[in-house]
> 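Please read through the structure below; I'll follow up with questions.
Worth knowing before you read on, the calculation uses all heavy atoms, side chains too, and leaves out hydrogens, waters and symmetry mates. Labels below follow one simple rule: chain letters A, B, ... track the order of the sequence lines, proteins then strands, and each chain is numbered from 1. Note that this is a predicted model, so its numbers are computed, not measured.
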Amino acid sequence: MTQATIDDDLEARVRAAFDEMVPRLLAAPRSQAAQPSRARPFAAALVVAATVAGAAVLAQRSSETSGRPADSTVTATDESATTTIVPAADLSWLRSIVPERFSLLAMTSSEPDRVTYVAIEPTDGKSLEIVVAAGASLEEGADVDAVGSWAETAQGWSVTTPAGVRAEISCNIGVRGRDFPGPPNYCELASTNPVPKAELRDMIGEVVAAGRADFGVAVASTTPPQSVWTDAAAGVLDGQELIGDTDWGTGDHVWDYAAESGRPDTSIRMVTGLTPAPDHRTPHVLMAGNAIGLYDDAAAFWVVDPSGIGVRISTVHTDPADLDALYTLADDLLDAVAGPSTVEPGIPTTTIAPMSETTVSVAPGTIRLLVANASTVSGVAGQLTYSLMHEYDVREATNATVQIERSIVYFAGGYEDAATELAARIGGADIQPMPDDPPIEGGLDSLRGPDIVDPAGALDLLVLLGNDRASEMEADVDTAVTTTTVSG
Amino acid sequence: MYREHHQRLLGLAAAITLDRRAAEEIVQDAFEGLQRARGRVERPEAYLQRAVINRSINRQRRWRVAARHPVEPPPPASSPEVDETWQAVVSLPPKQRAVVALRFWHDMTIDAIAETLGWPAGSVKSTLHRALQRLKEDLR
């Protein structure tokens with residue numbers, strides 16, 4: 001049998017395998033259950049409420065209501081979790097009300113007369129809880145204005161309108177420290193990027209004015225079985241007992257653990273349907289030094305998966321080792337319900353550096369970067385490219401046409417600051433303006449492709465990875481880039 | 001365009017990622033990317049194909065990082081030969097599997113693959129050569 005015949009046979013077998021197996025992969029079983037929408041506009045609920053209350057002040061405002069959530073759900077079930085995925089609700093109206101740093105929003109429950117929303121600040125663990133309910137009675141109170149009757153709560157404000165709508169907002173981090181001397185509202189601590197109560201009052205006033213709510217619609221949910229929690233928590237929460245297992249909403253569950261009964265030491269919350277979902281799992285924030293997320297006697301952080309599922313862990317155990325173990329727990333829980341992480345579990349991937357004096361005018365994610373291997377070590381350009389892919393618009397790694405000892409970061413016009421930052425990031429490199437003909441295999445023409453018609457100007461930064469950085473990476477791929485996991 | 005290319009791209013993404021849900025996500029992302037880049041893309045079909053392949057390769061790399069989370073088991077094959085061949089295909093690194101899929105499943109020429117992936121033709125050839133060597137060894 002000739003070599004050509006052998007190859008033909010192999011090709012035929014491979015083709016047959018793709019032909020048969022890819023359709024099978026795509027046809028893997030799943031259940032779909034269409035569920036008619038029970039969505040009704042805030043207007044309808046308000047009209048009911050207004051009839052009860054004898055006023056219709058807000059009903060007019062709700063005439064703008066549109067963009068209902070989609071009317072179907074897809075339920076996926078596996079051994080780890082039951083997940084109901086629904087298209088993200090249109091929360092753009094809420095986006096314009098809550099501060100920008102509360103960057104992820106979700107509708108966590110929706111009943112015919114009550115809906116809850118959450119807005120989370122991923123890096124310091126805070127969350128804003130918003131409840132809108134119809135059918136409330138106007139309360140007699142001292143604090144009454146044109147909006148309604150106001151009442152201050154421990155962590156926020158509530159307002160009841162003449163139309164019978166009650167709206168509440170609060171801010172929390174999940175747990176309260178055992179020795180915290182002040183009011184139980186960590187969101188107001190001056191040292192922790194505070195959210196003053198006055199701002200909360202303004203926000204809930206705007207929520208009411210927006211005249212929007214999503215009563216009785218499908219809400220995304222994820223319910224991991226108990227074994228997932230007990231398995232993941234084993235060894236991390238030893239000495240603490242599960243004292244609370246609460247559904248705060250369809251897509252909102254809280255598990256409280258305590259060493260002593262009555263008050264949780266550690267609170268774990270899972271929220272589903274966060275939008276806009278990040279394109280990779282949000283990085284670990286080290287709870288040390290001046291990093292945000294540390295409160296007087298507590299700490300809190302969110303880890304959010306591209307699936308839109310977020311886990312918040314807040315705790316009074318603020319030792320960095322404890323926090324690192326809790327981060328791993330959050331990662332494990334997300335792995336169990338949303339698939340594996342895009343980063344090595346348990347390895348800190350990003351530290352929060354002290355605020356720099358330098359103003360970066362270009363968002364790193366938009367910077368077009370190519371890494372070329374100019375060293376004697378193979379594979380390092382690909383490793384570095386992969387480690388930077390979440391922060392930069394990376395091109396496929398390539399080889400340089402030269403070998404150099406000391407690495408160089410070339411920069412296009414306007415990207416010198418970005419080059420300096422990247423050079424520091426990779427452990428040091430010379431900074432030079434981009435040459436007209438960069439020393440990469442195939443030259444700039446190698447960048448040409450369907451989305452790059454004119455390769456001149458197609459790069460903002462070019463790294464020539466020399467033997468200095470390459471040898472470090474070869475020696476220890478996990479620490480060669482000090483702030484990012486290197487993999488692959 | 002969506003109707004015309006969706007299923008083909010979905011198959012390609014699934015062939016590389018070996019994961020239906022990941023494939024669906026990747027194809028959706030690629031179409032969204034095309035939408036955002038509308039007006040700057042001269043050849044939308046090529047853009048979509050390249051985006052899907054690159055995202056699939058990267059996705060598969062990332063999943064492999066978490067070694068304790070194995071790739072989901074393949075569905076059962078109709079014959080031992082197909083099963084054996086598919087196991088060998090599945091064991092290829094994602095880049096090699098992508099090139100093999102384009103060459104033998106999508107019947108693309110080396111030059112066409114090179115253009116699609118934005119690689120030099122020599123890189124495509126060497127990747128394909130390594131993939132075939134590995135397949136031959138696995139199926140010996």
> Might you point out which heavy atoms bring A:Arg15 and B:Phe104 nearest each other, and give the distance in Å?
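Reported closest heavy-atom pair: NE-O, 2.8 Å.
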> Can you tell which of B:Ser78, B:Ala101, B:Ala15 has the highest number of heavy-atom pairs within less than 4.5 Å of chain A?
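Counting heavy-atom pairs under 4.5 Å, the top option is B:Ser78.
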> Calculate, to the nearest 0.5 Å, the distance between atoms CG and CG belonging to B:Leu10 and A:Leu25 respectively.
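These two atoms lie 10.0 Å from each other.
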> Please rank B:Thr85, B:Leu135, B:Leu12 by heavy-atom pairs under 4.5 Å with chain A and give me the top one.
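Greatest number of close heavy-atom pairs with chain A: B:Thr85.
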> For the residue pair A:Phe18 and B:Trp105, does the interplanar ring angle fall in the parallel (under 30°), tilted (30 to 60°) or perpendicular (over 60°) class?
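Judged by the thresholds at 30° and 60°, the geometry between A:Phe18 and B:Trp105 is parallel.
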> Can you tell if the side chain of A:Val14 reaches within under 4.5 Å of the side chain of B:Trp86, non-hydrogen atoms only?
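Not touching, per the 4.5 Å side-chain cut-off.
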> Could you report the tightest heavy-atom contact between A:Leu26 and B:Gly11, atom names first, then the distance?
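Closest approach of A:Leu26 to B:Gly11, heavy atoms only: CD1-CA, 3.9 Å.
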> B:Arg103 and A:Glu11: salt bridge (Lys or Arg N to Asp or Glu O under 4.0 Å), yes or no, with the steps?
CA-CA 9 Å; B:Arg103 178 70 188 91; A:Glu11 291 172 18; 5.4 Å; no
> Tell me, please, which residues at least two apart from B:Arg134 pass salt bridge (charged side-chain N to carboxylate O under 4.0 Å, His left out).
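Partners of B:Arg134 by the salt bridge (charged side-chain N to carboxylate O under 4.0 Å, His left out) criterion come out as none, since no residue qualifies.
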